[in-house]
*Asks:* 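Take a look at the following structure, please.
So that the names make sense, note that chain A is the first sequence line, chain B the second, and so on, each numbered from 1.
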Amino acid sequence: MVTNNSGKKGKVVVAMSGGVDSSVAAALLLEEGYEVIGITMQIWQPDEEEDERNGGCCSLTAVNDARRVADRLGIPYYVMNFQDLFAEKVIDYFTEEYLQGRTPNPCIACNRYIKFESLFQKAMGLGADYIATGHYVKNIYDQERGRYLLYKAEDMTKDQSYALYTMTQEQLARTLFPLGNYTKTVIRQKAAELGLLVADKPDSQEICFVTDNDYKRFLRQRVEPDRIKPGNFLNTQGEIIGRHEGLAYYTVGQRKGLGLALGYPAYVVALDPEKNAVIVGRDEEVFQQGLYAEDHNFIAFPELTEPVEVEAKIRYSAIPAPAVISPEADGRVKVIFQDKQRAITPGQAVVYYQGDLVVGGGTISEVIF
RNA sequence: AGGGGCGUAGCCAAGUGGUAAGGCAACGGACUUUGACUCCGUCAUUCGUAGGUUCGAACCCUGCCGCCCCUG
């Protein structure tokens, strides 16, 4: 059985969401001999009614679940308030990006600014040697390169390396990912063996602060109406083919919700903030050869100085595709794919891999048509 | 006004006497720690309307309504 020994291997703060993964992560670290402290980040204050159902990562049930697990494991447990920071770095970013005709990835922003920046600092301030999360990903120190490297998880279906490409060497040096070598199935079994009540808790999904999975409604409620203006749907020839409700409600590659009966499936090819237009086309018109990305972080090496062959991943659920990345004079990175990719979307992250190794990544700023 | 054509679901559209294809859109579900994509399911007791012929009509006939084209 798990016992809290004196932490021969160091003190680690585990970010506990109340879910299976972070709960088992804490348990595994305990077994390995770390001194474990559980912390739940309170990041979002849901409207009374919209909460609780499935227990978002910040709902009361989440905190209660996490606290129970901590009790069960016999570790200290605290709740820390990150609501203001989350509102700024994640929610504001999320809405502003949509308003500008880009498509944000809030999970990446949360990992970057909340978990691995703010929580990280507070943990270090508490005298912790490490921070740990329930992400499915591997963090390994490479002697030859003298760098900490990030690798895809053993369980490829659960791999979350895409959402962690922003991690710096300083962060990686003091971060533990106990789940990297396990499959989700094993983790659930482990939770059951430990007698954790969260063993059968469903996987979380969707955006944690958009509990009904309707981000359009979320924007409608939070943004001043005059910031979302209706405009024209244009075909790729520039002809007006209909009216849209506002750029913020559309994203590249989208099919549903356009309301355009053209006889063939119509997809959003691009958003044009200049004209406040949504460009629509056929399926084949949404495939593009490359992109420019900015705001990079490289993990496998300090910086990109010459063209490198990689497999680039354009969205969370994409299969990495062969591409060549090369540095541009303006600091951006040019990514040219071997084969055209579907719905390359400004605002989304592009993460570069070499096999299981995360080379680095950036934010897509422009699509090369 | 005269001549011709058309009127099938939200859009396009097949069906010309035997009891309403299909596509698009929409809606519902599955999938999913981002938005999307994808997949599965649902979607006209009724064919502009009123009569008539027929065992039986969206399909044939007649009136009316609406729209389009041509002529003057």
Side-chain angles (χ1 to χ4, degrees), chain A residues 15 17-22 25 41 43-44 54-58 62 89-91 93-112 114-115 133-137 153 155-166 179 184 187 201-211 213-219 233 241-242 244 247-271 278 280-287 313-319 341-351 361 363-364:
Chain A
S17 68
V20 210
D21 296 330
S22 55
M41 302 184 297
I43 52 179
W44 169 245
N54 296 324
C57 52
C58 40
K89 294 294 189 183
V90 181
I91 297 181
Y93 147 79
F94 177 80
T95 55
E96 289 306 314
E97 284 285 280
Y98 268 120
L99 289 174
Q100 289 169 34
R102 291 156 60 96
T103 305
N105 185 321
C107 293
I108 289 177
C110 180
N111 286 333
R112 178 176 183 176
I114 314 300
K115 293 196 186 86
T133 68
H135 285 110
Y136 285 85
V137 64
D155 186 344
M156 293 294 278
T157 65
K158 281 291 167 185
D159 172 57
Q160 291 170 312
S161 58
Y162 175 82
L164 296 169
Y165 77 89
T166 63
L179 308 190
K184 181 80 183 194
I187 294 302
K201 202 170 169 180
D203 288 8
S204 62
Q205 51 192 233
E206 317 300 349
I207 304 170
C208 70
F209 53 90
V210 183
T211 51
N213 187 28
D214 186 350
Y215 88 88
K216 293 183 183 181
R217 193 181 60 72
F218 182 82
L219 290 179
F233 276 125
I241 54 174
H244 72 245
L247 249 48
Y249 299 140
Y250 306 88
T251 182
V252 176
Q254 176 178 340
R255 171 181 178 179
K256 294 288 180 184
L258 304 186
L260 295 172
L262 303 183
Y264 54 85
Y267 299 87
V268 172
V269 172
L271 300 179
V278 175
V280 169
R282 291 171 180 273
D283 183 61
E284 54 268 31
E285 294 181 287
V286 63
F287 284 81
K313 180 161 162 163
I314 236 60
R315 82 190 90 248
Y316 187 82
S317 60
I319 296 170
Q341 297 298 300
R342 187 182 184 288
I344 298 174
T345 310
Q348 291 284 289
V350 54
V351 177
T363 304
I364 299 170

*Asks:* Could you tell me how far apart A:Y136 (OH) and B:U32 (P) are, to the nearest whole angstrom?
*Replies:*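 Checked: the OH to P distance equals 13 Å.
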*Asks:* Among B:U38, B:A36, B:A25, find the nucleotide with the atom closest to the side chain of A:Y267.
*Replies:*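 Shortest atom-to-atom distance from the side chain points to B:U38.
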*Asks:* For A:Y98, which contact category applies under a 4.0 Å heavy-atom criterion: base, sugar-phosphate, or nothing?
*Replies:*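 Sugar-phosphate contact only.
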*Asks:* Which whole-number value in Å describes the distance from A:F218 CZ to B:U34 C1'?
*Replies:*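 Those two atoms, CZ and C1', are 13 Å apart.
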*Asks:* Would you tell me if any nitrogen or oxygen in the side chain of A:Y162 comes within less than 4.0 Å of OP1 or OP2 on B:G35?
*Replies:*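 So the side chain of A:Y162 is outside the cut-off, no N or O lying under 4.0 Å from OP1 or OP2 of B:G35.
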*Asks:* Could A:D283 and A:R255 be called an ion pair, given the rule that one side-chain N must be under 4.0 Å from one carboxylate O?
*Replies:*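 Result for this pair is no, no salt bridge flagged.
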*Asks:* From C-beta outward on A:Y316, which listed nucleotide comes closest to its side chain: B:U38, B:U34, B:G35?
*Replies:*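 Of B:U38, B:U34, B:G35, B:U34 is nearest to the side chain of A:Y316.
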*Asks:* When you get a sec, tell me which of B:G35, B:C37, B:C24 is the closest nucleotide to the side chain of A:K256?
*Replies:*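 Of the candidates, B:C37 comes closest.
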*Asks:* Please classify the nucleic acid contact of A:G19 as base, sugar-phosphate, or nothing, using heavy-atom distances under 4.0 Å.
*Replies:*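 Contact class for A:G19: none.
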*Asks:* What's the NZ-P distance between A:K184 and B:U32, to the nearest Å?
*Replies:*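 Atom-to-atom, A:K184 to B:U32, this comes out as 11 Å.
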*Asks:* Select base, sugar-phosphate, or nothing to describe what A:V252 touches, counting heavy atoms under 4.0 Å on all strands.
*Replies:*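 Since a base atom lies under 4.0 Å of A:V252, the category is base.
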*Asks:* Quick check: any donor-acceptor pair below 3.5 Å linking the side-chain of A:T103 to the base of B:A36?
*Replies:*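 Counting by modelled atom types and ignoring angles, no donor-acceptor contact under 3.5 Å is found here.
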*Asks:* Going by the angle between their ring planes, with limits at 30° and 60°, are A:Y98 and A:Y215 parallel, tilted or perpendicular?
*Replies:*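 The rings of A:Y98 and A:Y215 lie parallel, inter-plane angle below 30°.
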*Asks:* Taking for each residue the nucleotide of RNA chain B with the nearest heavy atom, is it A:T157 or A:L262 whose nucleotide lies nearer the 5' end?
*Replies:*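 Residue closer to the 5' terminus by nearest nucleotide: A:L262.
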*Asks:* Rounded to whole angstroms, how far apart are NZ on A:K115 and P on B:U34?
*Replies:*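 Going from A:K115 (NZ) to B:U34 (P), I get 12 Å.
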*Asks:* I'd like to check A:I344 versus A:F287 (side-chain heavy atoms, cut-off strictly below 4.5 Å). Are they in contact?
*Replies:*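 A:I344 does not reach A:F287 side chain to side chain.
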*Asks:* Under 4.0 angstrom, heavy atoms only, what part of the nucleic acid is A:I108 near: base, sugar-phosphate, or nothing?
*Replies:*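 No contact.
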*Asks:* Is A:R255 close enough to B:A25 that one of its side-chain N or O atoms is under 4.0 Å from OP1 or OP2 there?
*Replies:*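 Result: yes.
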*Asks:* So, does A:N213 get its side chain near the phosphate of B:G35, meaning an N or O under 4.0 Å from OP1 or OP2?
*Replies:*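 Answer is yes, contact under 4.0 Å.
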*Asks:* If we ignore angles and hydrogens, is there a donor and acceptor under 3.5 Å between the side chains of A:Y136 and A:D21?
*Replies:*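 There is such a pair between these side chains.
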*Asks:* Distance between the P atoms of B:A25 and B:C39, in whole angstroms?
*Replies:*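 To the nearest whole Å, 12 Å.
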*Asks:* Considering only side-chain heavy atoms of A:R315, which listed nucleotide, B:C37, B:A25, B:A36, is closest?
*Replies:*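 Of all the options, the side chain of A:R315 is nearest to B:A36.
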*Asks:* Take the protein atom CG of A:D203 and the nucleotide atom C1' of B:A30, then report the distance between them rounded to whole Å.
*Replies:*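 Computing the A:D203:CG to B:A30:C1' distance gives 15 Å.
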*Asks:* Could you measure between the two C1' atoms, the one in B:C6 and the one in B:U38, and give it in whole Å?
*Replies:*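 The answer is 40 Å between these two C1' atoms.
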*Asks:* Could you state the atom-to-atom distance from CG of A:D214 to P of B:U34 in whole Å?
*Replies:*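 Roughly 16 Å, once rounded to whole Å.
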*Asks:* Mind checking whether A:F233 and A:V268 have side chains closer than 4.5 Å, heavy atoms only?
*Replies:*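 No. Closest side-chain heavy atoms not under 4.5 Å.
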*Asks:* With rounding to the closest Å, how many angstrom separate the P atoms on B:G10 and B:U32?
*Replies:*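 That atom pair is separated by 36 Å.
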*Asks:* Check every strand shown and say whether A:P106 touches a base, only sugar-phosphate, or nothing at a heavy-atom separation below 4.0 Å.
*Replies:*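 Counting heavy atoms under 4.0 Å across all strands, the contact made by A:P106 is with sugar-phosphate only.
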*Asks:* Which nucleotide wins on minimum distance to the side chain of A:N105, given the candidates B:A36, B:G35, B:U34?
*Replies:*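 The listed nucleotide nearest to A:N105's side chain is B:U34.
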*Asks:* So, do A:N105 and A:Y162 sit near enough that their side-chain heavy atoms are less than 4.5 Å apart?
*Replies:*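 Sidechains of A:Y162 and A:N105: in contact.
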*Asks:* Could you give the distance separating B:A50 and B:A9 at their C1' atoms, to the nearest angstrom?
*Replies:*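 Looking at atom C1' only, B:A9 and B:A50 are 23 Å apart.
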*Asks:* Specify the separation, in whole Å, of atom CG of A:L258 and atom P of B:C27.
*Replies:*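 One finds 11 Å between P of B:C27 and CG of A:L258, rounded.
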*Asks:* Using whole Å, what does the distance between atom C1' of nucleotide B:G35 and atom NZ of A:K216 come to?
*Replies:*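 So the two atoms are 10 Å apart, to the nearest Å.
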